[in-house]
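So the structure is just underneath, and the comments pick up after that.
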Amino acid sequence: MNMQRTSGALYALVDCNNYYCSCERVFNPRLEGRPLVVLSNNDGCAVARSQEAKDLGVKMGTPWFQLQDLVRQHRLVGLSSNYTLYGDMSARVVQVLSQFSPDYEVYSIDESFLQVDQMRLLWPSFTAMGKAIRMRVRQWTGIPVCVGLAPTRTLAKLANHIAKKNPQFGGVFDLTAYPSVDLDILLSSIDVGEVWGVGRRIAEKLHGMGIHTVQDLRRTSPKTIRAHFSVVMERTVTELQGNPCMDLEEVAPAKKQIISSKSFGASVATQEELMEALATYVSRAAEKLRAQHSVCGVLQVFIHTNQFRPDDPQYSNAVTIPLPYPTSDTRKLASAAAMGLRAIFRNGFLYKKCGVMLLDISPAGTIQRSLFDAVEENAMHSAAIMSVLDGLNTRFGRDTVKVAAAGTAQRWIARAENKSQCFTTRWTELPKAIAN
DNA sequence: TCTGGGGTCCTAGGACCC
DNA sequence: TCTGGGGTCCTAGGACCC
């Protein structure tokens, strides 16, 4: 298959190497060369590993207590995570990357896609550009990165993987500049599980179908894949074949759900303790919600006992609470969450985790908010609300009008019902509807 | 009470990513 | 003793409406 590019898109995926560990090393150069892991909350397990730690066989997610032998034998270092630092460093890296192309997408804290085909004339080759990216990011931020170049994002991820695993490429791999015969050989040596979008389960199923390597998958028709998997996999194969079907999202879209939760260092048993933790999570989630200028219409509270202790009595539950109207007000969210916790809390268990999830998120709209706030805060005395309700009452009969919530915030409706008829409309269209 | 197709909305759960 | 915290998308199935 030919990946030589004649025209069209070219993506560069810039991925920071061992990101959290690299950040720590920028501020503590003595960690250079030593096996290093960054630990999760409560120093529970390894969430990032330096190359030296990977070479020692430390797997992602390994509990810290299982690594103590390596600490003694190889002076493995474990550091508590510092997400503020990683966030700040990430912004600096993106700042540097933005100088190379105006079209970029921050995909995660340590990865960005750049659309670079417009930059063709500025560089002798895209490999040269990739090397310049590496060097500048390293010089200006201290963070080492690898660069993968390809006509689709899925292939760019793959190219980046190749750049990381094969030192002879010097940290930059341009898939379009590589002879296609050699590429076939190279891709035949990579397990299909390395493809972006192919996780453990799907890899197993593909193996069962005789598709073992990236090359195998690339040679399979998307339609065949569609017959066995979802459209997501179909797109993945299409992209592997060099046909882009994912667009660059330059502006990070607003979050559709916001989760705030944490495991406790020590299990807790009482409702008061959970309540206290929950209050913190709600306030953190509400901050995120307001930061993206959204409101949420539904809130979910969940609690879990320690699943790693099968001998303890196990209990987990969650409750979903529709809010009376969409809001980002911490107090309103907190009181709904407290109500939810009271509903699902059971005595006699040791709880290890709890959290809150904000759902049904929509942009904060001034009209919606002012109407509903008026209903609540002015206790129905607002002239505007009253006239709307009067109109509905006249049409459908007294005492049949209710304000109801349904579904997403965009569909917040006024609902009037009696035995024989039901009338619903959006708030914004109410005056018009009544006039008719 | 039974008959029936088509559409939307919602939820739960699975799979993936970092 | 000690086991992360976020997110996304898709699908299936049920409720409900016309």
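The chains referred to below are lettered A, B, ... by the order of the sequence lines, with proteins before strands, and numbering in each begins at 1. Bear in mind that the values here come from a model prediction, so they are computed numbers and not experimental data.
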Whole Å only: how far is the [atom1] atom of [X] from the [atom2] atom of [N]?
{"X": "A/Leu359", "N": "B/dC9", "atom1": "CG", "atom2": "P", "result": "18 Å"}
{"X": "A/Asn42", "N": "C/dG6", "atom1": "CG", "atom2": "C1'", "result": "16 Å"}
{"X": "A/Phe308", "N": "C/dT3", "atom1": "CZ", "atom2": "C1'", "result": "4 Å"}
{"X": "A/Lys256", "N": "C/dG6", "atom1": "NZ", "atom2": "C1'", "result": "16 Å"}
{"X": "A/Leu39", "N": "C/dG5", "atom1": "CG", "atom2": "P", "result": "13 Å"}
{"X": "A/Lys352", "N": "C/dG5", "atom1": "NZ", "atom2": "C1'", "result": "14 Å"}
{"X": "A/Tyr86", "N": "C/dG4", "atom1": "OH", "atom2": "P", "result": "17 Å"}
{"X": "A/Lys255", "N": "C/dG5", "atom1": "NZ", "atom2": "P", "result": "18 Å"}

[options]: which one has an atom nearest the side-chain heavy atoms of [X]?
{"X": "A/Ile259", "options": "C/dT3, C/dC10, C/dG7", "answer": "C/dG7"}
{"X": "A/Arg235", "options": "C/dC2, C/dG4, C/dC9", "answer": "C/dC9"}
{"X": "A/Lys288", "options": "C/dC10, C/dT8, C/dG7", "answer": "C/dG7"}
{"X": "A/Phe65", "options": "C/dC2, C/dG4, C/dT8", "answer": "C/dC2"}

Original post:
On DNA chain C, nearest-nucleotide positions of A/Pro63 versus A/Arg226: which is more 5'?
Top reply: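 The residue closer to the strand's 5' end, by nearest nucleotide, is A/Pro63.
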Original post:
Hey, which of these two, A/Gly44 or A/Arg284, hits DNA chain C nearer its 5' end, going by closest nucleotide?
Top reply: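 The residue whose closest nucleotide sits nearer the 5' end is A/Gly44.
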Subject >> Qualifying residue for side-chain contact (heavy atoms from CB on, under 4.5 Å) with A/Phe264, from A/Asn41, A/Asn42, A/Leu274 >> reply: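 Exactly one candidate clears the test, A/Leu274.
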**OP:** With A/Ile211 as reference, evaluate A/Asp216, A/Thr224, A/Val198 under the side-chain contact (heavy atoms from CB on, under 4.5 Å) test and give the passing residue.
**Re:**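 Exactly one candidate clears the test, A/Asp216.
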**OP:** Kindly compute the distance separating CZ (A/Arg309) from CG (A/Leu350), expressed to the nearest 0.5 Å.
**Re:**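 Going from the CZ atom of A/Arg309 to the CG atom of A/Leu350 covers 7.0 Å.
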Subject >> Pair A/Gln292, A/Ser294: side-chain N/O donor-acceptor within cut-off below 3.5 Å >> reply: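 A/Gln292 vs A/Ser294: donor-acceptor pair found between side chains.
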Subject >> Test item: side-chain donor near acceptor, A/Thr176 and A/Asp174, under 3.5 Å >> reply: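 Yes, a side-chain donor-acceptor pair sits under 3.5 Å.
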Within less than 4.0 Å of OP1 or OP2 of [N], is there a side-chain N or O belonging to [X]?
{"X": "A/Lys353", "N": "C/dG4", "answer": "no"}
{"X": "A/Ser263", "N": "C/dT3", "answer": "no"}
{"X": "A/Lys262", "N": "C/dG6", "answer": "no"}

For [X], which contact category applies under a 4.0 Å heavy-atom criterion: base, sugar-phosphate, or nothing?
{"X": "A/Arg153", "answer": "nothing"}
{"X": "A/Val47", "answer": "base"}
{"X": "A/Ser260", "answer": "sugar-phosphate"}

Original post:
Going by the angle between their ring planes, with limits at 30° and 60°, are A/Tyr86 and A/Tyr20 parallel, tilted or perpendicular?
Top reply: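 Geometry flag for A/Tyr20 against A/Tyr86: parallel rings.
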**OP:** Report the relative orientation of the aromatic rings in A/Tyr351 and A/Phe345; use parallel for angles under 30°, tilted for 30 to 60°, perpendicular for over 60°.
**Re:**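 Geometry flag for A/Phe345 against A/Tyr351: tilted rings.
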Original post:
Given the rule that a pair is Watson-Crick or G-U wobble with both distances under 3.5 Å, how would you write DNA chain C in dot-bracket, using | for pairs to a different strand?
Top reply: ....||||||||||||||
Subject >> Per-nucleotide protein contact string for nucleotides 11-18 of chain B, where B marks a base within reach and S marks sugar-phosphate only (heavy atoms under 4.0 Å, - for neither) >> reply: ----SSSS
Original post:
Who passes side-chain hydrogen bond (donor to acceptor under 3.5 Å, both in side chains) against A/Asp15, sequence neighbours left out?
Top reply: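 Result, side-chain hydrogen bond (donor to acceptor under 3.5 Å, both in side chains) vs A/Asp15: A/Lys164.
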Subject >> Within the 6.0 Å centroid threshold, strictly below: A/Tyr178 and A/Phe173 >> reply: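 Yes, the ring of A/Tyr178 comes within the 6.0 Å limit of the ring of A/Phe173, centre to centre.
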**OP:** Test side-chain hydrogen bond (donor to acceptor under 3.5 Å, both in side chains) on A/Arg235 and A/Thr154 and set out the steps.
**Re:** CA-CA 9 Å; A/Arg235 281 201 281 264; A/Thr154 303; over 6 Å; no
